[in-house]
Amino acid sequence: MLELKRSVLVPYSVESMFDLIEQAESYPQFLPWCVGAKILERSDDWVAARLEFCYLQFHFGFQTRNAKHRPEWLKVRLVEGPFRRLEGDWSLVALGNLGCKINFDLVYEISDGLLDTLARPAVDFVSRTMMDAFVKRAEGTLTATPPSTSPIAPELLPVPHTPITVATSEPP
């Protein structure tokens, strides 16, 4: 089982960032190695999608059904794919007029087998580059929130495209 935790501050509204994350049908336009995306279901409470990736000639896809509460969180849960386990949690926190903080926690375990062993480096690389791809997409498509005129602690100011924590762990 592998875990990945990323967090970033961005100068965009929490609603805009949530919508960018939730709209999986747009992923092939900006998410590296995502070659296909199809929405299977969308409501106020759920979004389900099938995503296809290709990295170093290794092709893999999976289907998720994701609970959501706009604009605070989206919980990615595996329905089918080459994983024994796949859980991704996006949480977004508004920082007033300054933008928002995005947290992404991913836990996954690839199924056993030779093909799955070969897939591990591809899945690792794709998952580690996801946050950067979302931030880059936001920079190219969203309008930054105007700076606040009220004083605020400098450590709370959003810095575009700067991860504030990165942690990876593989349990023994």
Side-chain angles (χ1 to χ4, degrees), residues 2-44 46-56 58-78 81 86-108 121-148 156-168:
L2 297 171
E3 294 181 31
L4 174 71
K5 295 180 181 287
R6 296 283 313 264
S7 184
V8 67
L9 299 173
V10 293
Y12 309 105
S13 74
V14 69
E15 294 84 7
S16 295
M17 288 304 300
F18 181 90
D19 291 345
L20 190 145
I21 293 164
E22 193 267 353
Q23 293 169 355
E25 65 270 26
S26 299
Y27 288 4
Q29 298 171 17
F30 70 92
L31 196 57
W33 313 288
C34 183
V35 296
K38 180 179 179 182
I39 298 297
L40 306 171
E41 170 191 1
R42 179 176 274 137
S43 71
D44 289 342
W46 297 94
V47 61
R50 173 122 188 114
L51 300 176
E52 301 290 332
F53 289 86
C54 186
Y55 177 71
L56 296 178
F58 180 76
H59 187 86
F60 65 97
F62 55 91
Q63 182 178 327
T64 63
R65 187 165 191 266
N66 316 314
K68 63 181 181 174
H69 187 267
R70 184 182 187 268
E72 290 91 18
W73 53 262
L74 186 136
K75 297 185 180 299
V76 178
R77 297 300 182 259
L78 181 68
L86 174 75
E87 296 177 3
D89 292 327
W90 292 94
S91 65
L92 297 89
V93 178
L95 299 175
N97 291 352
L98 298 173
C100 67
K101 179 180 178 183
I102 304 168
N103 296 305
F104 178 59
D105 297 342
L106 179 66
V107 176
Y108 63 94
V123 173
D124 286 349
F125 188 74
V126 168
S127 63
R128 291 177 198 283
T129 59
M130 282 182 57
M131 182 70 86
D132 292 338
F134 280 97
V135 171
K136 187 174 181 179
R137 176 69 168 187
E139 290 171 347
T141 61
L142 302 179
T143 302
T145 55
S148 175
L156 295 179
L157 292 172
V159 179
H161 206 256
T162 305
I164 58 172
T165 59
V166 178
T168 306

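Side-chain contact between Arg65 and Arg77 is absent, with no heavy-atom pair separated by less than 4.5 Å. Looking only at side-chain heavy atoms (C-beta outward), Leu20 and Arg137 come within less than 4.5 Å of each other. No side-chain heavy atom of Asp89 sits under 4.5 Å from any side-chain heavy atom of Trp73. Contact of the Val10 side chain with the Phe134 side chain is not registered, since no non-hydrogen atoms from C-beta on lie closer than 4.5 Å. Contact check for Val8 versus Met131: side-chain heavy atoms found under the 4.5 Å cut-off. Side-chain contact check for Cys54 versus Trp33: every heavy-atom pair is 4.5 Å or farther apart.
Tyr27 contributes a side-chain N or O that, together with a main-chain N or O of Ile21, makes up a donor-acceptor pair within less than 3.5 Å. In this structure, Ser16 contributes its side chain and Tyr12 its backbone to no donor-acceptor pair below 3.5 Å. Using modelled atom types, no side-chain atom of Lys101 and backbone atom of Ser91 make a donor-acceptor pair closer than 3.5 Å. Between the side chain of Asp105 and the main chain of Lys5, no donor-acceptor pair closer than 3.5 Å is present.
Among Glu72, Lys68, Gln23, the single residue meeting the side chain to side chain contact (heavy atoms under 4.5 Å, CB included) criterion with Phe18 is Lys68.
For His69, the NE2 atom sits in a loose shell: 12 or fewer heavy atoms of surrounding residues, nucleotides or ligands are nearer than 6.0 Å.
Side-chain contact, Thr145 with Asn97: no donor N or O sits under 3.5 Å from an acceptor N or O.
Glu15 is linked by a salt bridge (Lys or Arg N to Asp or Glu O under 4.0 Å) to nothing, counting only residues two or more places apart in sequence or in another chain. Under the rule for a salt bridge (Lys or Arg N to Asp or Glu O under 4.0 Å), the partners of Arg42 that lie at least two apart in sequence or sit in another chain are Glu22, Glu25.
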Criterion side chain to side chain contact (heavy atoms under 4.5 Å, CB included) on Ile102 and Ser7, from CA distance to verdict: CA-CA 6 Å; Ile102 304 168; Ser7 184; over 6 Å; no

Step-by-step side chain to side chain contact (heavy atoms under 4.5 Å, CB included) determination, Glu87 to Leu78: CA-CA 7 Å; Glu87 296 177 3; Leu78 181 68; over 6 Å; no

Intermediate values then yes/no, side chain to side chain contact (heavy atoms under 4.5 Å, CB included), Leu9 and Leu95: CA-CA 9 Å; Leu9 299 173; Leu95 299 175; 3.8 Å; yes

Arg6 vs Asp132, salt bridge (Lys or Arg N to Asp or Glu O under 4.0 Å): CA-CA, chis, key distance, verdict: CA-CA 10 Å; Arg6 296 283 313 264; Asp132 292 338; 3.3 Å; yes

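Here Leu2 contributes atom CG and Leu106 contributes atom CG; the two are 9.0 Å apart, rounded to the nearest 0.5 Å. Going from atom CG of Leu74 over to atom CH2 of Trp46 covers 10.0 Å, rounded to the nearest 0.5 Å. The OH atom of Tyr108 sits 9.5 Å away from atom CG of Leu86, with the distance rounded to the nearest 0.5 Å. Distance CG/Leu98 to OG/Ser13: 12.5 Å, rounded to 0.5 Å.
Between Trp90 and Phe104, the ring centre distance stays below 6.0 Å.
Taking both residues in full, the closest heavy atoms of Ile39 and Ala24 are given as CD1-CB, 4.0 Å, listed atom of the first, atom of the second, then distance. What you find for Glu52 and Gly61 is that their closest heavy atoms are OE1-CA, 3.6 Å. Shown here for Val14 and Val93, the closest heavy-atom pair between the two residues is CG2-N, 4.2 Å.
Of the charged side-chain nitrogens involved, at least one lies within less than 4.0 Å of a carboxylate oxygen, so that Asp19 and Arg70 count as a salt-bridged pair.
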